[in-house]
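Each chain gets a letter, A, B and so on, in the order the sequences are listed, and its residues count up from 1.
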2 protein chains.
Amino acid sequence: MSVSVDGRSTRWDDHRTARRAELVRAARKAVHKLGPAVSMDEIAAAAGTSKSIVYRYFDDKAGLRLAVAEAVVRQMHDALRDAARAARTPEGALREMVRVYLEMIESSPNVYWFVTRTAIGGNEPSSPVEVGAGRRRAAEQALEATGVSVGPADTPLGAYLDSVIELVAEPFARATDVSSADAAAWAAGAVGFVRGAGEWWLGHDLGLGGLSREELTERVALWLWTGPVGVLHNPNSRTEEHR
Amino acid sequence: MSVSVDGRSTRWDDHRTARRAELVRAARKAVHKLGPAVSMDEIAAAAGTSKSIVYRYFDDKAGLRLAVAEAVVRQMHDALRDAARAARTPEGALREMVRVYLEMIESSPNVYWFVTRTAIGGNEPSSPVEVGAGRRRAAEQALEATGVSVGPADTPLGAYLDSVIELVAEPFARATDVSSADAAAWAAGAVGFVRGAGEWWLGHDLGLGGLSREELTERVALWLWTGPVGVLHNPNSRTEEHR
DNA sequence: TCACAGTACCTGATACTCTCGGTCTCGTGA
DNA sequence: TCACGAGACCGAGAGTATCAGGTACTGTGA
């Protein structure tokens with residue numbers, strides 16, 4: 001039998017896919033140029049179209065933000081994976097990943113903040129949280145209420161972090177024999193570590209000895225891998241990879 | 001005559017200080033109850049007053065957010081400092097601090113997000129960033145443009161993080177002989193680590209073996225102190241404090 | 001089979017609604 | 001006089017609705 005598909009809609013499938021990707025590219029460029037608080041009107045103008053067209057392809061600003069994050073993650077995913085594969089030890093893999101991450105922060109801070117600082121200048125959905133429903137439940141609802149869920153990969157930050165965490169967990173899991181939950185928890189912490197140190201560095205670098213990005217990369221990778229214990233036992237240790 | 005003028009001025013100074021503190025308390029309660037996306041109208045209503053009164057004592061929402069963050073930090077500062085002093089080793093101090101931090105995340109997630117997730121639902125100041133002004137400069141401007149500066153303690157997140165970082169840096173500096181910049185960079189990473197793991201845990205805890213907060217505290221402290229190297233060399237190691 | 005009306009989707013401009021941060025005006029009381 | 005507080009007001013930006021014109025597909029009846 002013939003499954004008749006209405007061509008009036010399907011004839012636009014390729015067009016829709018291409019148009020959507022085009023809008024994501026334009027949005028990313030607009031964010032890079034105009035800052036993370038760019039408005040939808042500005043994004044539409046940068047794409048050479050009108051706001052209503054942007055809303056034809058994305059449900060709302062959060063949807064566009066998610067698409068931009070996915071594009072960033074796809075690009076970054078490849079770089080992180082290549083860096084990890086090129087290293088000969090788990091520690092080396094970690095160092096390369098720290099480098100890639102810090103390079104991204106430095107090269108395109110606007111896009112980084114757009115993706116990781118959810119809803120600056122936006123009005124993304126939120127709803128009241130009833131207090132008293134139990135601590136854990138309240139914590140989950142608070143996260144969901146903010147439209148920021150680090151768990152489900154249905155928000156920009158969640159998707160962004162989950163993808164990066166998955167990659168970062170690999171050297172830890174490779175070096176140790178721990179459960180996947182532990183590896184993910186460590187990776188989440190590690191990503192947080194790089195973020196914390198990287199963002200601090202951006203804000204404090206001047207007048208404080210001027211750590212270069214390479215110096216920070218080395219330190220962060222060392223601290224992540226061996227913690228203060230490593231500094232204690234071998235303050236001048238580079239890496240075991242170079243021995 | 002001049003004495004009475006000074007007296008009147010002093011009386012109003014005390015009133016202003018008290019009124020301000022009262023508004024901060026009310027705001028904090030409103031955030032706790034209604035969520036981090038609470039509006040200024042809602043905060044004013046919770047304080048039993050009108051919005052224009054809130055704006056009499058705070059320049060804008062960011063100013064109120066900063067005041068709430070300062071109140072949180074003051075309370076947390078004491079708990080973190082007490083925890084650090086009660087521990088006999090730097091590692092123990094770090095573990096206690098991780099515990100305090102995770103307890104706060106769990107007990108008052110709405111306030112935590114209000115302070116650390118800048119500008120959810122808000123329109124805090126931003127201005128365009130000229131691309132091409134050099135990478136470092138652009139990065140700084142991007143941060144400043146977002147109203148989120150991790151450096152200067154004139155924003156909620158900056159003040160919040162700097163205060164916590166300063167405390168967390170202490171065990172590291174005590175255990176090692178590194179520069180204060182390195183200690184601060186490590187502490188920034190460590191705070192990020194706790195945030196990353198804690199926020200991940202809130203979003204992923206269900207169905208993943210159910211790490212309790214205590215279990216997470218132990219793991220985070222261990223990973224922060226010894227990294228994967230510590231797990232490799234002594235997977236079941238508790239702490240040196242218990243030797 | 002083919003012509004044609006109907007249908008679906010595209011575009012962009014423009015007007016509109018709503019929320020919320022922030023501002024202004026005015027009356028009151030010490 | 002001056003600080004207070006209530007309530008009206010303003011504007012930015014997210015999101016929605018309407019319009020007209022164009023292209024291509026679909027279904028129907030001759």
Side-chain angles (χ1 to χ4, degrees), chain A residues 2-20 22-23 26-27 30-31 34-66 114 118-128 147, chain B residues 1 4-5 7-20 22-23 26-27 30-31 34-66 114 118-128 147:
Chain A
S2 69
V3 180
S4 97
V5 176
D6 194 333
R8 290 173 295 180
S9 176
T10 59
R11 80 181 178 97
W12 296 103
D13 280 352
D14 287 345
H15 172 81
R16 276 193 284 257
T17 300
R19 194 82 175 92
R20 205 171 189 268
E22 192 181 332
L23 287 173
V31 170
L34 300 177
V38 72
S39 71
M40 294 296 270
D41 261 322
E42 285 168 324
I43 290 174
T49 187
S50 72
K51 196 165 62 167
S52 59
I53 302 304
V54 179
Y55 280 102
R56 178 155 293 149
Y57 293 95
F58 301 95
D59 286 345
D60 51 15
K61 193 169 186 181
L64 177 61
R65 196 188 297 273
L66 173 61
F114 182 73
T118 306
I120 292 178
N123 290 300
E124 292 178 3
S126 66
S127 57
Chain B
M1 52 188 176
S4 72
V5 169
R8 280 201 300 270
S9 173
T10 301
R11 202 164 49 242
W12 285 116
D13 282 347
D14 287 346
H15 171 78
R16 274 190 285 260
T17 301
R19 192 82 177 95
R20 205 171 189 270
E22 190 181 333
L23 287 173
V31 170
L34 300 176
V38 71
S39 71
M40 293 297 268
D41 261 322
E42 285 169 324
I43 290 174
T49 186
S50 72
K51 197 165 58 165
S52 60
I53 301 305
V54 180
Y55 280 101
R56 175 155 295 148
Y57 292 95
F58 303 95
D59 285 344
D60 51 17
K61 190 170 186 181
L64 176 61
R65 195 189 297 272
L66 173 59
F114 181 73
T118 307
I120 292 180
N123 291 299
E124 293 178 4
S126 65
S127 58

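Which of D:dT16, C:dG21, D:dG5 sits closest to the side chain of A:Tyr55 comes down to D:dT16.
In A:Asp14, the CG atom is not crowded: 12 or fewer heavy atoms of neighbouring residues, nucleotides or ligands sit closer than 6.0 Å.
The nearest whole Å value for the distance from the NE2 atom in A:His15 to the P atom in C:dA8 is 18 Å. Computed from coordinates, the A:Leu23 CG to C:dC10 C1' distance equals 13 Å when rounded to whole Å. As a whole-Å value, the separation of B:Phe58 CZ from D:dG5 P is 13 Å. Straight-line distance from the CG atom of B:Asp60 to the C1' atom of C:dG21: 9 Å, rounded to whole Å. Here D:dA14 presents its C1' atom at 12 Å from CG of A:Leu64, a figure rounded to the nearest Å. One interatomic measurement links the two molecules: CD of A:Glu22 to P of C:dC10, which rounds to 14 Å at whole-angstrom precision. With rounding to whole Å, A:Asp59 atom CG is found 11 Å from D:dG15 atom C1'. When rounded to the nearest whole Å, the span between CG of B:Asp41 and C1' of C:dC18 equals 14 Å.
Between the side chain of A:Arg16 and the main chain of A:Tyr57, no donor-acceptor pair closer than 3.5 Å is present.
Counting heavy atoms from C-beta on, the side chains of A:Thr49 and A:Glu22 never come closer than 4.5 Å. Looking at heavy atoms from C-beta onward, B:Ile53 lies in side-chain contact with B:Arg56 at the 4.5 angstrom threshold.
Within the structure, a side-chain polar atom (N or O) of A:Arg16 is placed less than 4.0 Å from OP1 or OP2 of C:dC10.
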Please produce a list of atom pairs where a protein N or O lies less than 3.5 Å from an N or O of nucleotides 6-11 of chain D.
from: D:dA6; atom 1: OP2; to: B:Thr49; atom 2: OG1; distance (Å): 3.0
from: D:dA6; atom 1: OP2; to: B:Ser50; atom 2: N; distance (Å): 2.8
from: D:dA6; atom 1: OP2; to: B:Ser50; atom 2: OG; distance (Å): 3.1
from: D:dA6; atom 1: N7; to: B:Ser50; atom 2: OG; distance (Å): 3.3
from: D:dA6; atom 1: N7; to: B:Ser52; atom 2: OG; distance (Å): 2.9
from: D:dA6; atom 1: N6; to: B:Ser52; atom 2: OG; distance (Å): 3.4
from: D:dG7; atom 1: O6; to: B:Ser52; atom 2: OG; distance (Å): 3.1

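Across every non-hydrogen atom of B:Ser50 and B:Ala44, the tightest pair is C-CB, 3.5 Å. Here the closest non-hydrogen pair linking A:Arg65 and A:Phe114 is NH1-O, 2.8 Å. Annotation for A:Lys61 and A:Val38: closest pair NZ-O, 2.8 Å, computed over non-hydrogen atoms.
Backbone-only contact: A:Tyr57 has heavy atoms under 4.0 Å from sugar-phosphate atoms and none from a base.
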